[in-house]
Amino acid sequence: MSATKYPCSRILLAAALGAPSVDDASSYMLQYGRFEAVHKSQLEALGLPAHLWPVLYRKLVTDTFDIGSYVAFGDHDSSSVAKGLTEHSLCLSVEQLDAGSNVFLVDHAWTTTVDQIIENLDRVPGLLERMEKLTGAYDSLAGSTGVVNADSLNPEIEDNIPTVTSMTGVSEEKARELLVRVNGCLIDAIMAAEDEGKEATPAQNTLQEQILQQLGGGEGLDNSRSLQWRTRGYDCAQCALDGGDQLDGMEVSIPLGPGASARDIECTIAPKHLTVSVRGNHVLDGDLHAEVKPDESTWSVENGMLTITLTKRVADSWPELVIGEKHVNPFELRKHLARVGGELWRYFQGYDCMVQGADQSVMKQTNWYIQDEVGLSVAHSSDPNVCCLPFLYLGAQGQVSPFSIIWPIKPISCGDTLTRDFCPSWLKDARQRQGYLQAIFPAPTQPLLDAYLEFAKDLEQTATSATRANLAATPAPIGHAKRVFVSGATLDAKETISAAGFEAVAVVEEADIVLDDDDTTSAHADKITNRHPLNNVFGSIDKTVLALQSVAGIQDWLSAGFHLPTQVSEFIGAALMDGSSWWMLASSQGPPNMQLPRVVTSSWAAAVRHMDVGYTSALKCMPSAVAPDQVHVAERLALLTPSNRLYIWHKDMWIYSHRIQLRDNKPEPYQTLAPAVEVAEALFMEQLRAKFGGKVVDSFAAKMDCIIADTVRLLLGIDSSDGKDFGLFSFRFVLGKGADDGIAPLLQGVSPVSVRERLANNTHLVPAILSALSGSPDVAIWKQAGVQQD
């Protein structure tokens, strides 16, 4: 076995960092005590033996990365049971390393968030090249120079066809022919379509000027060459300085990466040469296409971007900034960035941390990191000999530094390969472990496809044999119940309760009817409460998905959903069979205000890796039927009485919009779902009518009412009412485009309505609920549902 020592670098004395001297025992113990107090819960959760905590602390304060004194790189043995992420393995180079005998620090090569992956790859100098080398996903077009040919512009040509047809009235085929003929130039295609071979009219000249202005030019500019282009390291845009009409300027934009400032820049502008260094590393060094005026050229740094404005000695259109530079097709580059980003989910690992927002609120954030070459060389084994986990170190000055820590959990002999278990410790089922590892170590996918087909067959059988309970057609009033307790009710809410003929009481013991979020069913066994038995079914997204699938099977109104900890193999099989599907990932762990934000992704590997940080469900997601850059959700409220009479609140429908990020008219491959923004129901309905017509819109609400009734009947078929308690539920539908060119409301979540958040300060809901329970529902508010029985 060939082996190369990993250099033992970055070892600094504690005194050089201002850390307490290890010779001063009292000072050292004081500082260590603070470290232990701050990090104890994290260290215990990681499972690091307590006797190694002082060892870890000493290495942290002295910045000691000494694993190179114990291990060596070796060539990975393909016949070995252990699987590796890289071509190298990490082998012990000393005689013996006993379990729990040491702990080592491993650095992180890159840390990012799900929303920043593509942007970082595009804008952080050198990162894309390093990740290409890691993944082996190289850009086949990176070597192309000059202006790209028509074939490589096909995607952009397709995007410009609607503009040409709308402005000129030609057919799509003619627009495509013109765009190809003029090498993709939108202006030339429009002008050729308007009057090919004739003198341009004033209207045509105006159109040309408008388009040129959008491209960064103006009247009199030479458009025979591209006004702007991209390279791997910088962007170029030719411009007219000081409001002129000649191309006498060149603007160069160079991304610097996070934390860079003007102090890190060395920019030398000579008449025929340009040199730019960032932190001592050359990012641009070459002979200019033509001479510039150094004294009239400037540079500045703002928001992580270096902008250089060059003044040309002679106003002219340049085909390149520096001689021999390689241009890239922006469309192809974006596709390549997405490809590299997709490959990186094999290598990403994640951890949660608390961050403070601009409004001083505290929220959870998931950071994704890739270890350095040492960490990546630790192989996988279901019988590992080391543990490797992320650790967040809070320094003396309050700075947070992420590392990975490795410690032996079994005796390791010289020459043995270091192995860790890549699967989460809680994932025990063999089939689900196989599915999880598919995201890291690609293998034949037939077992996963088989798992999904078996799962789908079971759901089809469930749908065929599903039992639906009957809903009550006539009310069963609770006329004797008049005293009402509403947890946290405001004075206005209490007054409206009294105005409705009920008495709002201040303590639970005096009440006949109790509305409270707390599970007090046993304590209030003699009272009518809002704790219907179905509340336990609808307690979380996970429970809702599993409950509905277990009783309803596959339904055309139910979003496909998977509980990842128990169905990850089935999920991958479903995603592989529908490669264009998008998934919304959610977590139900922790209190609602501290849960992780929802993530939308088209990458099943990204979805699987999100299991590492607590995401537990994947629901099929659809862009809005109204706008492709949004996800629209409709909410309906349903009241289920103790006698199983179902009412739907039809006075209002709540519409929410989640903005999603698009790239080339498609959602970004992985992104955090933006917070919901409420949309006026009337405005949304107007948009629907304009797009689909009144007939489709009129059936839209009726579809949701039928789905609500069917859902309740199905669930009551397995968990009947106790005849005493009622439930108020929120049904949420994703509003996507249906196969019949209409609207397809897909049920994606059901939850009990919160008393404290929604009822306690509402002057309409509680009185309306009480009236319905008394057998006299306000027909202007409530609509009875599900009265036609099978």
Side-chain angles (χ1 to χ4, degrees), residues 475 477-478 481-508 510-520 524 527-532 534-535 538-539 591-593 633-642 645-657 675-684 701 704-705 708 712 725-733 749-785:
I478 50 173
K482 292 294 183 181
R483 293 170 296 177
V484 182
F485 172 81
V486 180
S487 176
T490 63
L491 180 60
D492 288 344
K494 291 179 180 179
E495 289 178 353
T496 56
I497 291 173
S498 300
F502 295 84
E503 179 185 356
V505 298
V507 293
V508 173
E510 298 176 0
D512 302 315
I513 302 175
V514 176
L515 282 83
D516 197 345
D517 290 328
D518 297 331
D519 188 1
T520 54
H524 309 311
K527 305 180 187 303
I528 301 170
T529 76
N530 62 320
R531 301 296 302 179
H532 192 279
L534 290 187
N535 282 30
F538 297 141
N593 63 328
V633 177
E635 181 190 30
R636 304 277 278 177
L637 297 186
L639 172 67
L640 185 60
T641 71
R645 189 174 173 86
L646 180 64
Y647 296 102
I648 296 177
W649 184 281
H650 70 94
K651 178 184 177 183
D652 305 290
M653 184 190 308
W654 291 268
I655 306 293
Y656 303 96
S657 171
V677 176
E678 189 168 355
V679 179
E681 180 185 355
L683 175 61
F684 182 74
M704 290 190 288
D705 292 350
I708 292 172
V712 172
D725 296 316
F726 66 95
L728 183 66
F729 303 105
S730 164
F731 285 74
R732 294 178 298 281
F733 298 85
V750 188
S751 62
V753 173
S754 170
V755 174
R756 292 187 184 90
E757 294 179 6
R758 198 150 186 180
L759 302 184
N761 60 356
N762 191 293
T763 58
H764 304 291
L765 280 171
V766 175
I769 292 169
L770 297 174
S771 297
L773 292 175
S774 300
S776 303
D778 186 341
V779 294
I781 294 176
W782 295 111
K783 176 183 177 182
Q784 188 176 358

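Since the structure is predicted, the reported quantities are computational estimates derived from the model, not experimental observations.
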**Prompt:** Which atom names give the shortest non-hydrogen contact between F485 and V505, and what distance separates them?
**Reply:** CD1-O, 3.6 Å
**Item:** CG-CD1 distance between D652 and I781, expressed to the nearest 0.5 angstrom
**Value:** 8.5 Å
**Message:** If the condition is side-chain contact (heavy atoms from CB on, under 4.5 Å), which residues does A772 pass it with, not counting sequence neighbours?
**Reply:** L639, Y647, P777, W782
**Request:** Kindly write out the residues that satisfy salt bridge (Lys or Arg N to Asp or Glu O under 4.0 Å) with D512, not counting sequence neighbours, or none if the list is empty.
**Result:** R483
**Message:** Measuring only between side-chain heavy atoms, which start at C-beta, is I708 closer than 4.5 Å to R636?
**Reply:** yes
**Request:** For the residue pair S730 and R758, confirm or rule out a side-chain donor-acceptor distance under 3.5 Å.
**Result:** no
**Where I648 and A785 come nearest, the two heavy atoms and their spacing** = CD1-CB, 3.6 Å
**Message:** Please find the pair of heavy atoms, one from K494 and one from A489, that lie closest to each other, and give the distance.
**Reply:** CE-O, 3.7 Å
**Message:** Please check this pair: side chain of K651 against backbone of A780, looking for a donor-acceptor N/O pair closer than 3.5 Å.
**Reply:** no
**Asked** Can you tell if the side chain of P767 reaches within under 4.5 Å of the side chain of D778, non-hydrogen atoms only?
**Response** no
**Prompt:** Can you check whether I655 reaches V633 side chain to side chain, under 4.5 Å on heavy atoms?
**Reply:** no
**Asked** Heavy atoms, side chains only, cut-off 4.5 Å: are I769 and L728 in contact?
**Response** yes
**Request:** Decide yes or no on side-chain contact (heavy atoms from CB on, under 4.5 Å) for V484 and L515, but give the supporting numbers first.
**Result:** CA-CA 8 Å; V484 182; L515 282 83; 4.2 Å; yes
**Asked** Under 4.5 Å between any side-chain heavy atoms of L637 and W654, yes or no?
**Response** yes
**Request:** Starting from the C-alpha separation in whole Å, work towards a yes-or-no answer on side-chain contact (heavy atoms from CB on, under 4.5 Å) for Q784 and R645.
**Result:** CA-CA 8 Å; Q784 188 176 358; R645 189 174 173 86; 2.6 Å; yes
**Request:** Drop me the distance from E681's CD to L683's CG, to the nearest 0.5 angstrom.
**Result:** 11.0 Å
**For F684, all residues meeting ring-ring contact (aromatic ring centres under 6.0 Å, His included), sequence neighbours excluded** = H632
**Prompt:** Just by modelled atom types, is the N530 backbone N or O under 3.5 Å from a matching donor or acceptor in the N535 side chain?
**Reply:** yes
**Request:** State which residues pass side-chain contact (heavy atoms from CB on, under 4.5 Å) with V779; sequence neighbours excluded, sorted by chain then number.
**Result:** none
**Asked** Quick one: does T529's side chain have a donor or acceptor within less than 3.5 Å of a partner on R531's backbone?
**Response** yes
**Message:** Can you list everything that forms a salt bridge (Lys or Arg N to Asp or Glu O under 4.0 Å) with R756? Sequence neighbours excluded, please.
**Reply:** D516, D517, D518
**Request:** Might you work through the side-chain contact (heavy atoms from CB on, under 4.5 Å) test for M704 and M653, ending with a clear yes or no?
**Result:** CA-CA 11 Å; M704 290 190 288; M653 184 190 308; 3.6 Å; yes
**Item:** Contact summary for S487 and V755, nearest pair of heavy atoms
**Value:** O-CG1, 3.7 Å
**Message:** Restricting to ring-ring contact (aromatic ring centres under 6.0 Å, His included), what partner residues turn up for Y656, sequence neighbours left out?
**Reply:** none
**Asked** Taking the inter-plane angle between the rings of F733 and F731 on a 0 to 90° scale, is it parallel (under 30°), tilted (30 to 60°) or perpendicular (over 60°)?
**Response** parallel
**Asked** Under a 4.5 Å cut-off applied to non-hydrogen side-chain atoms, are I497 and L770 in contact?
**Response** yes
**Complete:** Shortest non-hydrogen pair, D725 vs H532, comes out as O-CD2, 3.5 Å
**Message:** On a heavy-atom basis, which atom in A760 and which in G488 lie closest, and how many Å separate them?
**Reply:** CB-O, 3.3 Å
**Request:** Determine, step by step, whether D705 and K783 satisfy the side-chain contact (heavy atoms from CB on, under 4.5 Å) criterion, reporting the C-alpha distance in whole Å, the side-chain angles of both residues, the deciding distance to 0.1 Å, and the verdict.
**Result:** CA-CA 9 Å; D705 292 350; K783 176 183 177 182; 3.5 Å; yes
